[in-house]
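To start, the structure under review is shown below, and the notes come after it.
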There are 2 protein chains.
Amino acid sequence: MVSEELRETALQLLAARGYDETTVDDIVAAAGMSRRTFHRYYASKEDVVIQLLADLGAEMRAELGGRPESEPPAESLRRAVTVAINFCAGHHDAAKTLAVVRLILRTPVLHARSLERQAGWQADLAAVLAARLNLPVDALYPEVAARLAFVALNTALERWALTDGEADPLELTDRAFEMLAPALAGQGLGEVGG
Amino acid sequence: MVSEELRETALQLLAARGYDETTVDDIVAAAGMSRRTFHRYYASKEDVVIQLLADLGAEMRAELGGRPESEPPAESLRRAVTVAINFCAGHHDAAKTLAVVRLILRTPVLHARSLERQAGWQADLAAVLAARLNLPVDALYPEVAARLAFVALNTALERWALTDGEADPLELTDRAFEMLAPALAGQGLGEVGG
DNA sequence: GCCTCCGATGGCACACTGTGTCAACGGCGT
DNA sequence: ACGCCGTTGACACAGTGTGCCATCGGAGGC
């Protein structure tokens with residue numbers, strides 16, 4: 001597949017030379033293709049990296065939506081985050097994913113983009129929660145709870161990347177969720193939940 | 001001041017026509033200057049908007065650092081976030097700031113950039129907390145707690161912008177912090193605090 | 001008063017990104 | 001063999017951001 005070879009070449013060069021120091025022309029030259037072809041598969045240089053996480057949001061949303069309604073939101077959210085962690089750290093080749101995560105975290109443009117992606121996913125999760133629990137429209141709980149899930153996710157992922165994959169991301173996630181549990185259990189100070 | 005006139009013209013055009021639909025050439029033409037001069041004051045089109053929040057991080061950091069060490073972290077963080085809220089909603093002309101916040105939230109590039117800025121501030125606050133409480137090096141509390149502050153801030157700001165400034169951002173912040181209080185009080189499940 | 005120095009500005013050229021348009025190539029079935 | 005169609009590459013263009021240099025104008029020294 002052309003897009004895969006392009007992505008492979010890109011990731012290798014970006015990780016080796018650094019993001020800003022690598023031009024799209026460098027990438028397509030190394031892959032033996034034209035810049036026009038590159039942009040047929042990837043909207044921008046950022047996209048080659050960010051698109052790797054494309055399905056992550058949908059998977060988290062699906063996991064959250066698939067959890068039983070009777071389950072406490074804290075547990076449903078923890079499962080959704082676990083899906084993300086497994087996607088990153090357990091999927092196929094953890095070392096490769098680690099390299100990508102580190103590239104994103106150390107490259108401001110990529111970090112910015114990935115955070116914005118997360119903001120979209122967070123809104124999705126909040127919508128699922130809001131539909132499940134029927135709270136007053138002005139309740140902050142769904143939005144805050146969804147954000148807390150990403151607090152746990154990002155804390156775990158950053159620590160994982162910072163320790164070169166030494167720390168166990170699932171254990172980190174669980175520790176973070178233990179800490180957040182009381183806030184997630186509150187459901188906005190006595191408002192009625194599902 | 002040249003930079004101020006440039007910024008004023010830019011904000012007006014960006015808010016009116018939209019970010020992507022406005023070129024730097026449009027801005028400098030409206031301000032009667034050259035593109036070269038624009039880039040002497042602002043590194044990029046994003047910068048004209050994002051630079052408005054430049055001092056926010058430092059102010060939050062200063063407020064947090066200035067709180068008494070004996071104060072519970074939850075309260076210190078709430079004060080730091082209050083500084084940010086007042087900066088946005090109470091500073092001078094709330095309507096103008098509201099327009100900027102809305103512009104940022106509805107423009108992906110700007111939203112991404114502002115989130116990345118926040119990530120930096122969050123790390124700063126976490127460092128302050130880590131220095132204050134002496135926890136084990138692998139403790140997640142400082143990092144998580146600092147993130148929670150921004151969860152509250154963003155939830156309040158987005159709700160504020162979404163309601164066209166109707167909702168009181170300070171009240172929203174307090175409600176969010178009430179919800180997060182139990183997690184912030186925990187200090188990582190029995191680890192010793194300052 | 002004139003000259004020099006210096007900061008601010010503008011013009012130009014350049015590298016890079018991203019998009020639209022079109023021509024060329026190559027497999028495929030008829 | 002022919003035409004069809006999807007893939008590719010070539011070119012041109014708009015937009016961004018930077019380096020370099022010429023220019024202008026004011027402040028201060030002579």
Side-chain angles (χ1 to χ4, degrees), chain A residues 1-54 100 103-104 106-117 120, chain B residues 1-54 100 103-104 106-117 120:
Chain A
M1 209 54 192
V2 180
S3 63
E4 289 171 23
E5 188 184 342
L6 230 23
R7 179 165 45 74
E8 223 52 42
T9 311
L11 288 180
Q12 190 181 332
L13 281 184
L14 293 176
R17 297 190 203 171
Y19 185 84
D20 293 324
E21 291 71 26
T22 310
T23 73
V24 176
D25 291 304
D26 292 338
I27 297 170
V28 297
M33 306 184 190
S34 73
R35 198 159 46 107
R36 198 65 192 84
T37 298
F38 177 91
H39 278 112
R40 233 183 291 276
Y41 292 96
Y42 302 102
S44 63
K45 197 168 70 172
E46 301 165 14
D47 256 39
V48 190
V49 183
I50 296 299
Q51 220 183 75
L52 289 171
L53 315 173
V100 173
L103 177 64
I104 293 178
R106 102 174 101 101
T107 308
V109 197
L110 295 178
H111 195 190
R113 274 299 185 194
S114 97
L115 289 174
E116 195 238 335
R117 276 283 242 294
Chain B
M1 209 54 193
V2 179
S3 64
E4 291 172 21
E5 186 184 342
L6 230 23
R7 178 166 45 77
E8 222 53 42
T9 310
L11 288 180
Q12 189 179 333
L13 281 183
L14 293 175
R17 297 190 203 171
Y19 185 84
D20 293 325
E21 290 72 26
T22 309
T23 73
V24 175
D25 291 305
D26 292 337
I27 297 169
V28 297
M33 307 183 188
S34 73
R35 205 181 50 195
R36 199 64 194 79
T37 298
F38 177 91
H39 277 113
R40 233 183 289 276
Y41 292 97
Y42 303 102
S44 66
K45 197 168 71 170
E46 301 166 11
D47 256 39
V48 189
V49 184
I50 297 299
Q51 222 184 71
L52 289 171
L53 314 174
V100 173
L103 177 64
I104 292 177
R106 98 173 105 100
T107 308
V109 197
L110 295 178
H111 194 190
R113 275 299 185 189
S114 94
L115 289 175
E116 195 238 335
R117 275 288 239 299

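Below, read A as the first sequence line, B as the second, and so on, with proteins coming before strands; counting in each chain starts at 1. Reckoned from all heavy atoms, side chains included, excluding hydrogens, waters and symmetry mates.
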Please give, in whole Å, the distance from [N] [atom2] to [X] [atom1]?
{"X": "A:Phe38", "N": "D:dA10", "atom1": "CZ", "atom2": "P", "value": "17 Å"}
{"X": "B:Met33", "N": "D:dC24", "atom1": "CE", "atom2": "P", "value": "19 Å"}
{"X": "B:Asp20", "N": "C:dT17", "atom1": "CG", "atom2": "P", "value": "19 Å"}
{"X": "A:Glu21", "N": "C:dC16", "atom1": "CD", "atom2": "C1'", "value": "14 Å"}
{"X": "A:Met1", "N": "D:dT8", "atom1": "CE", "atom2": "P", "value": "8 Å"}
{"X": "A:Glu5", "N": "D:dT7", "atom1": "CD", "atom2": "P", "value": "16 Å"}

Hey, which of these two, B:Lys45 or B:Arg40, hits DNA chain D nearer its 5' end, going by closest nucleotide? B:Lys45
Suppose we screen for side-chain hydrogen bond (donor to acceptor under 3.5 Å, both in side chains). Which residues come up paired with A:Ser44, at least two apart in sequence or across chains? none
Would you indicate which nucleotide in C:dG10, D:dT16, C:dG18 comes nearest to any side-chain atom of B:Val24? D:dT16
Nearest to side-chain heavy atoms of A:Arg36, which nucleotide of C:dG10, D:dG9, D:dT18: D:dG9
Table please: side-chain donor-acceptor pairs of residues 9-22 of chain A below 3.5 Å, with sequence neighbours left out.
unit_1	atom_1	unit_2	atom_2	d
A:Thr9	OG1	A:Glu5	O	2.7
A:Arg17	NH1	A:Asp26	OD2	3.1
A:Tyr19	OH	A:Glu46	N	3.2
A:Thr22	OG1	A:Gly18	O	2.6

Atom of A:Leu52, atom of A:Arg7 and distance for their closest heavy-atom approach: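 Of all heavy-atom pairs spanning A:Leu52 and A:Arg7, the closest is CD2-CD, 3.5 Å.
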Smallest heavy-atom separation, A:Glu116 atom then B:Pro108 atom, equals OE2-CB, 3.6 Å
Hey, does the side chain of B:Tyr41 reach the backbone of B:Glu4 with a donor-acceptor pair shorter than 3.5 angstrom? no
Measuring to OP1 and OP2 of C:dG18, would you say a side-chain N or O of A:His39 lies under 4.0 angstrom away? yes
Counting only side-chain N and O atoms of A:Ser44, is one of them less than 4.0 Å from OP1 or OP2 of C:dT17?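 So the side chain of A:Ser44 is outside the cut-off, no N or O lying under 4.0 Å from OP1 or OP2 of C:dT17.
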Tell whether A:Arg35 reaches the base of D:dG9 with its side chain through a donor-acceptor pair below 3.5 angstrom.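 Looking at the base of D:dG9, it does not pair with any donor or acceptor on the side chain of A:Arg35 (distance under 3.5 Å).
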Regarding A:Tyr42, tell me which of base, sugar-phosphate or nothing describes its non-hydrogen contacts under 4.0 Å with the strands shown.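 Here A:Tyr42 touches no strand at all.
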Need one value for A:Tyr41: base, sugar-phosphate or nothing, where a base atom within 4.0 Å counts as base even if backbone is also close, heavy atoms only.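 Counting heavy atoms under 4.0 Å across all strands, the contact made by A:Tyr41 is with sugar-phosphate only.
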